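Working notes, structure below.
Since we're looking at a predicted model, the values are computed, not measured. Numbering of ligands and ligand atoms starts at 1, following listing order. Quick note: residue numbers are just sequence positions, from 1.
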Amino acid sequence: MKLVCASATDAPAMASAHAQAFDRPWDAATFKTFLAGPGAYAFVAAGEDPMGVVLCRAMGGEAEVLTLAVPPWARRQGIGVALMTAAMGAARAVGASVMFLEVDIDNVAAVGLYERLGFSRAGLRKAYYDRGANGRADALVMRLDLTSSAH
Ligand SMILES: CC(C)(COP(=O)(O)OP(=O)(O)OC[C@H]1O[C@@H](n2cnc3c(N)ncnc32)[C@H](O)[C@@H]1OP(=O)(O)O)[C@@H](O)C(=O)NCCC(=O)NCCS
């Protein structure tokens, strides 16, 4: 596995990884649009098939994780941590001192990953996610101080 700082040509790879990880995936055009936005950047875990993607935005001293996805067959090998560590380093490199993200409060894997990286619970957005027939789910807002993080 190799981490690649992504450009628009990697949008199909990003969409492929995302489609395997989410019920409502973002397509390549959506990734291209996000990447063209101010402060946006992404990393792809490249293998024979795409093994993951993280997409972020950093501006005004703050960074935000827009999405993180690792396909089921590539999980529990440290790819999520590697993608997030690259994203955190890139945020620091452009002067961000804090990183935020939102995550479904019931997403045990993702919350575990973020807490392992030093993120703490900073807030709750009630009924933030639409789960279709399964109703709505709360989002946890998580925060990491990039100046003191060990990763
Ligand atoms: C969350 C996700 C990105 C994790 O990717 P990953 O490559 O498997 O993560 P890692 O292998 O780097 O795991 C790092 C740590 O996270 C935690 N973790 C990961 N998956 C977990 C699980 N299923 N249950 C509990 N903890 C988990 C563990 O602490 C793990 O360390 P360990 O394997 O040494 O126990 C992946 O499960 C995924 O894509 N899920 C669907 C999409 C999603 O939820 N994205 C995040 C939305 S905010």
For atom 18 (N) of ligand 1, the option (of G52, A109, A139) bearing the nearest heavy atom: A109

Short N or O distance, A74 and ligand 1, threshold 3.5 Å exclusive: no

Best match, M51, R116, R76: closest heavy atom to atom 34 (O) of ligand 1: R116

V81: numbered ligand 1 atoms lying under 4.0 Å from its heavy atoms: 12 (O), 14 (C)

Electrostatic pair R121-E115, nearest N-O below 4.0 angstrom: yes

Per-atom contacts, ligand 1 versus V103 - under 4.0 Å to a heavy atom: 48 (S)

Closest non-hydrogen atom pair between M99 and A87, with its separation: CE-O, 3.8 Å

Straight-line distance of C56 SG to L35 CG, nearest 0.5 Å: 10.5 Å

Protein heavy atom at shortest distance from atom 41 (C) of ligand 1: R75 NH2, 3.3 Å

Shortest reach to atom 13 (O) of ligand 1 by a heavy atom, considering only D23, V70, V53, L113: L113

Element-labelled atoms of ligand 1 that are located less than 4.0 Å from some non-hydrogen atom of A69: 39 (O)

Interfacing atoms of ligand 1 (cut-off 4.0 Å, heavy-atom, N107): 43 (C), 44 (O)

Enumerated ligand 1 atoms positioned under 4.0 Å from heavy atoms of G78: 10 (P), 11 (O), 12 (O)

Minimum-distance pair of heavy atoms, taken over all atoms of D27 and A15: C-CB, 3.8 Å

Enumerated ligand 1 atoms positioned under 4.0 Å from heavy atoms of Q77: 11 (O)

Step-by-step side chain to side chain contact (heavy atoms under 4.5 Å, CB included) determination, V98 to L144: CA-CA 6 Å; V98 63; L144 178 73; over 6 Å; no

Parallel, tilted or perpendicular: rings of F31 and H18 (30°, 60°): perpendicular

Atoms in ligand 1 with a heavy atom of I79 nearer than 4.0 Å: 7 (O), 12 (O)

Charged N-O contact under 4.0 Å between D23 and R131: no

Atoms of ligand 1, numbered as shown, that sit under 4.0 Å from any heavy atom of E102: 48 (S)

Linked, directly or transitively: V44 and L83 (ILVMFWY side chains, under 4.5 Å): no

Nearest protein heavy atom with distance in Å, relative to atom 46 (C) of ligand 1: L68 O, 3.5 Å

Verdict with supporting geometry, R143 and F119, side chain to side chain contact (heavy atoms under 4.5 Å, CB included): CA-CA 5 Å; R143 178 188 192 282; F119 280 82; 5.5 Å; no

Sub-3.5 Å N/O-N/O distance, G112 and ligand 1: no

